[in-house]
Amino acid sequence: MIEDLVEAEGLVKRFGDFTAVDSIDFTVGRGEAFGFLGPNGAGKSSTMKMIGTVSPATSGTLRVLGMDPASQGRQIRSRLGVVPQDNSLDMELTVEENLMIYGRYFDLSRREVRARIADLLEFAQLTDRRTSKVEPLSGGMKRRLTIARGLINRPELILLDEPTTGLDPQARHVLWDRLYRLKREGATLIITTHYMDEAEQLCDRLVIMDNGRIVGEGSPRELIDRHTSGEVLELRLEEPVGALSGIGDHTEELADRVLVASRDAESALAEVHARGINPAMSLIRRATLEDVFLTLTGRTLVD
Amino acid sequence: MSALTTRTGPPTLTGGWRAHRVLERNLMVSKRSWVLVLSGFFEPVFYLFSIGVGVGAMVGDVQVGARTVSYAAFVAPALLSSSAMNGAVFESTLNIFFKLKWGKVYDAMLSTPLRPADVAAGEIGWSLLRGGLYAIGFMVVMALFGLAESWWTLMAIPAALLIGFAFASVGMAATTFMRSWQDFDLINVVTLPLFLFSATFYPLDVYPPAIQTVTRISPLYHGVELVRAFTLGMFDWSLAGHAAVLLGMGLIGLRVASGRLERLLLA
């Protein structure tokens, strides 16, 4: 049994003159929850589509479940669970029928699919919407149905493209809870997201993508330890940023505030006050993946 | 509740065509809209009442080769043929375009072991299944009117399916090139003259030879000749030629449609 479910080396995807994925290397191990974190247009979805064998790589090597997507796409897809960004549910069918026909696409017997539907509806908390059409379902419900649909073939590898984009906070938490459950069962997940909290919550290991390249790699903790000072002091100032020189390890000026990276943000704030600077707002927090992204790219993740 | 992701058996086998799964999906959808499906049966029947029976009463008999037949018997196979064409074109253009652009149904299918060729063949197969049912219904009506003279008439059903195959394939291939709903106006520009001028309502020999040659370009003409030969029981070797034209058209269309779907959906 192979241990690395996905291996990519020098993977490139070009659309005409535009390079969406610019020579990236990564591996995803069995049982891992692996993330691609980056802003829109970073190349996450293009990478996902190549792994899902629905988009051919321009160059580089890619192995999925030990197979070649170009020649064994069908064998690979039969063992993947795909949760696309736009759901692509069948609007002409009911909740239950969506699961049934999707199972049939995998050549599962009706009897087998019926048995799985009960479990999957319970998992997706949609048991009472069984015979409902898809259209009237809420965004969160549609998303959960899409995840349930992706599980119909008991996949070895589950691809989740922006699983909670466009959902309200409550629906996101319900969804995260469902994804934790899959993790606990030992499923291998690949998740793309532009939410740093999602990446921190769900991913064992992740790569940070920007402009088609991988700019950082590690567990959320490792990335934060490696690329930040641990704590951040956020200030809103009247004075020019220069007034803060010497305070903290590093300062970053954003449109509406200044971030001061520091091992001890409390002392940094005391120093600010000692200099007679009175910020309109000050906030001390732990460094996050957002700060990692800022350090690595000089830009914020969500604009 | 059992584990959701752990595999219990060997991975699904993956060889061969899966076009029948696309058919199964459409069948699932149409269970709820069977009235709509049924409506396709009435088109040729209404034409038969109005033109075959109504106009036929004024026209009298028609000379076909060495035989003299009633106008209804002459026009019925042509109505069957053109409705096979219209049904196939409708199914393979408007419906497919909608699914392609908005429905996202194919994106979901292609995330599974299905391939673009399965999608193309499945959609065309579905259109043929419907067309076959309408053809059978029309045969029953023809029999009730006394227009089915021999068992050979039954052969008009596969002939109608062949027409459906030719037009569904080419229609689907054309649809993959369409950019907006406006482009669909072009379809009527093509199908209406085919419907009117394919030796549908009168024998080809009423035209001067030059125009006869133009008519022979029409694929529907070959369909009408084929179906008419079976319902009137008048055979010769030209039938093989008519069938070959339709079959070739269908195979080329299917090939183009699969290739184009691959380019559109697997970018």
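Keep in mind that the numbers below use all heavy atoms, side chains included, and drop hydrogens, waters and symmetry copies.
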Visitor: If I measure from the heavy atoms of chain B, does A:L89 come under 4.5 Å with its side chain, its backbone, both, or neither?
Guide: backbone

Visitor: Please rank B:V22, B:V29, B:D118 by heavy-atom pairs under 4.5 Å with chain A and give me the top one.
Guide: B:V29

Visitor: Checking A:V54 against chain B: side chain, backbone, both or neither under 4.5 Å from a heavy atom?
Guide: both

Visitor: Mind listing the closest non-hydrogen atom pair of A:S88 and B:A108 along with its distance?
Guide: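 Taking A:S88 first and B:A108 second, the nearest heavy atoms are O-CB, 3.4 Å.
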
Visitor: Could you state the interatomic distance from CE (A:M91) to NZ (B:K104), rounded to the nearest 0.5 Å?
Guide: 11.0 Å

Visitor: Quick check for you: to the nearest 0.5 Å, what is the distance between A:N98 atom CG and B:M28 atom CE?
Guide: 9.0 Å

Visitor: For B:R260, does the CZ atom have more than 12 heavy-atom neighbours from other residues, nucleotides or ligands under 6.0 Å away?
Guide: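 Yes.
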
Visitor: Can you tell me how far the CZ atom of A:R77 sits from the CG atom of B:L114, to the nearest 0.5 Å?
Guide: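 Going from the CZ atom of A:R77 to the CG atom of B:L114 covers 8.0 Å.
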
Visitor: Step through the shown structure and confirm whether more than 12 heavy atoms of other residues, nucleotides or ligands are within 6.0 Å of CZ on B:R32.
Guide: yes

Visitor: Okay, side chain of A:R104, backbone of B:R21: is any donor-acceptor separation there less than 3.5 Å?
Guide: no

Visitor: Nearest 0.5 Å please: distance from the CD atom of A:Q85 over to the CG atom of B:D107.
Guide: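 Rounded to the nearest 0.5 Å, the CD-CG separation comes out at 12.5 Å.
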
Visitor: Taking the side chain as every heavy atom from C-beta outward, state whether A:E92 and B:N26 have any atom pair closer than 4.5 Å.
Guide: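 They are not in side-chain contact.
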
Visitor: Give a yes or no on whether the backbone of A:Y105 and the side-chain of B:R25 come within a donor-acceptor separation of less than 3.5 Å.
Guide: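 Not confirmed, B:R25 side chain does not pair with A:Y105 backbone.
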
Visitor: More than 12 non-hydrogen atoms from neighbouring residues, nucleotides or ligands closer than 6.0 Å to NZ on A:K49, yes or no?
Guide: no

Visitor: Just so I understand: if I count every heavy-atom pair under 4.5 Å between each of A:P56, A:G81, A:P84 and chain B, which residue has the most?
Guide: A:P56

Visitor: Measure the CG-CE distance between A:D90 and B:M109 for me, rounded to the nearest 0.5 Å.
Guide: 7.0 Å

Visitor: Does any backbone or side-chain atom of A:D86 lie under 4.5 Å from a heavy atom of chain B? Answer side chain, backbone, both or neither.
Guide: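 The side chain, not the backbone.
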
Visitor: Any side-chain heavy-atom pair from A:M100 and B:E24 closer than 4.5 angstrom?
Guide: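 No; the side chains remain at least 4.5 Å from each other.
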
Visitor: Atom CD of A:E97 and atom NZ of B:K31: how far apart are they, to the nearest 0.5 Å?
Guide: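 Reported to 0.5 Å precision, the distance equals 5.5 Å.
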
Visitor: Might you confirm whether atom OH of A:Y180 has over 12 heavy atoms from other residues, nucleotides or ligands at distances under 6.0 Å?
Guide: yes

Visitor: Between A:T146 and chain B, which part of the residue has a heavy atom less than 4.5 Å away: side chain, backbone, both or neither?
Guide: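 Neither; nothing under 4.5 Å.
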
